[in-house]
2 protein chains.
Amino acid sequence: MVTLRDIAKAAGVSTSAVSRAIRDQGNYSEEVRNKIKTLASEMGYKPNINARALVKKQSDIIGFIVPDASQPFYGLMFKGAYTASLTTEYRLMISNYDNDHRTLDNAVESLKAAGCRNIIIHTLHTDIAYLKKLSEEVPGLVVIGRLIPEIQERCVWIENFYAGRLAAEHMLKNGHHELAVVLHDYVKLDSAERLQGIKYVLEMQGVKLKDDNIIYTNSEEAEDIGKQLAQKASELSGVIAFNDQVAIKVMNGLQASGVKIPQDISVIGFDDSIFCELSLPSLTSVKYPCYEMASYAIRLSIKFTNHQESLDSQANMFMPSLIERHSVLKA
Amino acid sequence: MVTLRDIAKAAGVSTSAVSRAIRDQGNYSEEVRNKIKTLASEMGYKPNINARALVKKQSDIIGFIVPDASQPFYGLMFKGAYTASLTTEYRLMISNYDNDHRTLDNAVESLKAAGCRNIIIHTLHTDIAYLKKLSEEVPGLVVIGRLIPEIQERCVWIENFYAGRLAAEHMLKNGHHELAVVLHDYVKLDSAERLQGIKYVLEMQGVKLKDDNIIYTNSEEAEDIGKQLAQKASELSGVIAFNDQVAIKVMNGLQASGVKIPQDISVIGFDDSIFCELSLPSLTSVKYPCYEMASYAIRLSIKFTNHQESLDSQANMFMPSLIERHSVLKA
DNA sequence: TTGTAGGCGTTATCAG
DNA sequence: CTGATAACGCCTACAA
């Protein structure tokens, strides 16, 4: 292992000179700086991250905490975050908390103990007080997936209302007026917002959405919901489902009961995940830009801990978009 | 931040006493040790990981490097590894290399620069010389997904031959004798081994596998393969596909061409991934125990760096198993 | 513009 | 059995 001292000796200068030159500090002539830098790279110098973290009392690690990294949704987020981190001097450390608050807090504490000042959490349910407190302790805290007004500037979220609108408009545009909406039990907030967006469009166009066509379910029971909907297939022309997995399961339930998709009923999902290409027919979906949001979250977190850069006041909100495939019958 | 010194002062002992007591070193009386430990936890002491890593010249980080964390297959591996790491004193850092060797090497170097001595790599194609060299530099190196004879003891792999057997036997057992096998272009090794297993079973039972029913493809073209196979549906009763995604796409191609599954043709995939429950019919698949293998890899890596524990000579090989669903017509 | 010296929190090596 | 003391590699006043 080659240290600052080694290269200082080789260059005939002091360790502090090397330390500064390498980090572009101090007023060194280009000549000296270059000499030191080339020497360093020739000798294969790598700064000892632990020593640096010790003296600066902060690490170069960004913690990225998600509920379930095995789901493609979060996998894609991780990838966006990781790719963004590659262009920085930070390294990414991902943690999985399975929607268990204690596991989450453990991960946070372990990160803090390592001097981590940048933490990104994807959370739907974590209580606001905890997050607020955390934002005071962790300068680079960013919350992704939800808008929390008290710490709005450190939230990265999606326009769910607009997502609902997109789905509903696409249905109406193609002549599908008798709609059912299948929402997610566990993800109440996003569900509610998207439903708002859907209702907004329907009301504007004078289309009625029956109360008993608004159904709450989860991934396990979604196929049954599809079968139930098949019973009233004749009075239904479209189903908007909370996410792609639910959409596909509903679609499967429908098809298993002899309903043709999209001929009899059109289906739209949310997320635009890897699942969309695997269903038959392939699933039209409203894209949730996970990848982009996660990589933005990385940059945002770094801004908070790098005083140099000024934060602009543009909202950290992302817009969904409709990705057409073959589960909606065209007008 | 509370340090060793703080608690030493409070306890009226030296910092070294505290350091040792906390790590269960030295011959301290239970009384003293307990006093120190309770004091430490009362004061909320957390060892400074960076200081420790600096002096010990090694970090508590295990690097876990995968080709594409956004795929559920690797997501599940990560989860297994992460969960296993929770019961240890190590933290997990995941990297994504997109099958690009330079990105992989960067990740490795970054890990090494941080004093990381435990690295787990999932790799299909990385060249053996590189891995061998790495195994000399990184004491806790583990390769997952492939058997490399030269460093066999640090490889964690699956019995692909047996996986092929399971699939073929299940087909034959249910009376499906006219088979097609769809393999993966990019994953040559696993493909070849599984094909061996399939052929073995067929030969044993005197069933012929036509050469032009052995097809190489990739995820993009798999649906077309399904459509092509539909042309000769009458002379086909089963398709064994390289993985679940390929299986489902083949199935979709088949169904889009009017072939009924499993009535006309039965289909088996590999991996037993999250996709299996989403297809219609749900996909019978040979399970690749990613989760278990990854968590085993963690323990194995730690064994290599903890001289205390002795390594037994049991092979680090895992067995696949058949998970029945509804894509195979029962005899 | 450069170098010296002290310290970050921990562990390990010595003496006592 | 315990406690000074010297590192680990780096950064940053402060001095020159």
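Every chain is numbered from 1, with letters handed out A, B, ... down the list of sequences. The structure displayed is predicted, hence computed values, not measured ones.
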Using whole Å, what does the distance between atom [atom2] of nucleotide [N] and atom [atom1] of [X] come to?
| X | N | atom1 | atom2 | result |
| --- | --- | --- | --- | --- |
| A:Ile49 | C:dG9 | CD1 | P | 20 Å |
| B:Asp6 | C:dG9 | CG | P | 8 Å |
| A:Asn50 | C:dT10 | CG | P | 14 Å |
| A:Lys56 | C:dG9 | NZ | C1' | 18 Å |
| B:Leu4 | C:dG7 | CG | C1' | 16 Å |
| B:Arg5 | D:dA4 | CZ | P | 12 Å |
| B:Asp60 | C:dT11 | CG | C1' | 15 Å |
| A:Lys46 | D:dC10 | NZ | P | 13 Å |

Can you check whether B:Phe318 and B:Tyr296 have ring centres sitting under 6.0 Å from each other?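 Close enough - the centres of the two rings lie under 6.0 Å apart.
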I want to know whether A:Phe64 and A:His122 have ring centres closer than 6.0 Å. no
Just to be sure I understand the geometry, which residues of residues 7-24 of chain B put a non-hydrogen atom under 4.0 Å away from DNA chain D? B:Val13, B:Ser14, B:Ser16, B:Ala17, B:Arg20
Mind checking if B:Gln58 touches a base, just sugar-phosphate, or nothing, with heavy atoms under 4.0 Å? nothing
What is the nucleic acid contact for A:Leu54, judged by heavy atoms within less than 4.0 Å: base, sugar-phosphate only, or nothing? base
Please determine if a side-chain N or O atom of B:Tyr45 lies less than 4.0 Å away from the OP1 or OP2 oxygen of C:dT10.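 True: B:Tyr45 side-chain N/O within range (under 4.0 Å) of C:dT10 OP1/OP2.
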If you assign A:Gln25 and A:Met1 each to the DNA chain D nucleotide with the nearest heavy atom, which residue ends up on the more 5' nucleotide?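 Taking each residue's closest nucleotide, the earlier one in sequence belongs to A:Met1.
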By nearest heavy atom, map B:Asn27 and B:Lys57 onto DNA chain D; which one lands nearer the 5' end? B:Asn27
Please report the C-alpha distance between A:Tyr291 and A:Thr83 in whole Å, then the side-chain angles of each, then the deciding distance to 0.1 Å, and finally whether the side chain to side chain donor-acceptor pair (under 3.5 Å) criterion is met. CA-CA 9 Å; A:Tyr291 186 95; A:Thr83 307; 3.3 Å; yes
Check B:Arg23 with B:Glu89, please: is the shortest side-chain N to carboxylate O separation under 4.0 Å? no
Is NZ or CZ of A:Arg20 both nearer than 6.0 Å to the six-membered ring centre of A:Tyr28 and within 45° of the ring axis?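 That pair does not qualify as a cation-pi contact.
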If we count only N and O atoms by modelled type, under 3.5 Å, do the side chains of A:Tyr130 and A:Asp105 hold a donor and an acceptor together? yes
When B:Val143 is tested against each of B:Val156, B:Leu134, B:Asn316, B:Ile151 for side chain to side chain contact (heavy atoms under 4.5 Å, CB included), which residue passes?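 That would be B:Ile151.
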Nucleotide of D:dC10, C:dT11, D:dT12 approaching B:Arg52 most closely (side-chain heavy atoms):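 Nearest listed nucleotide: C:dT11.
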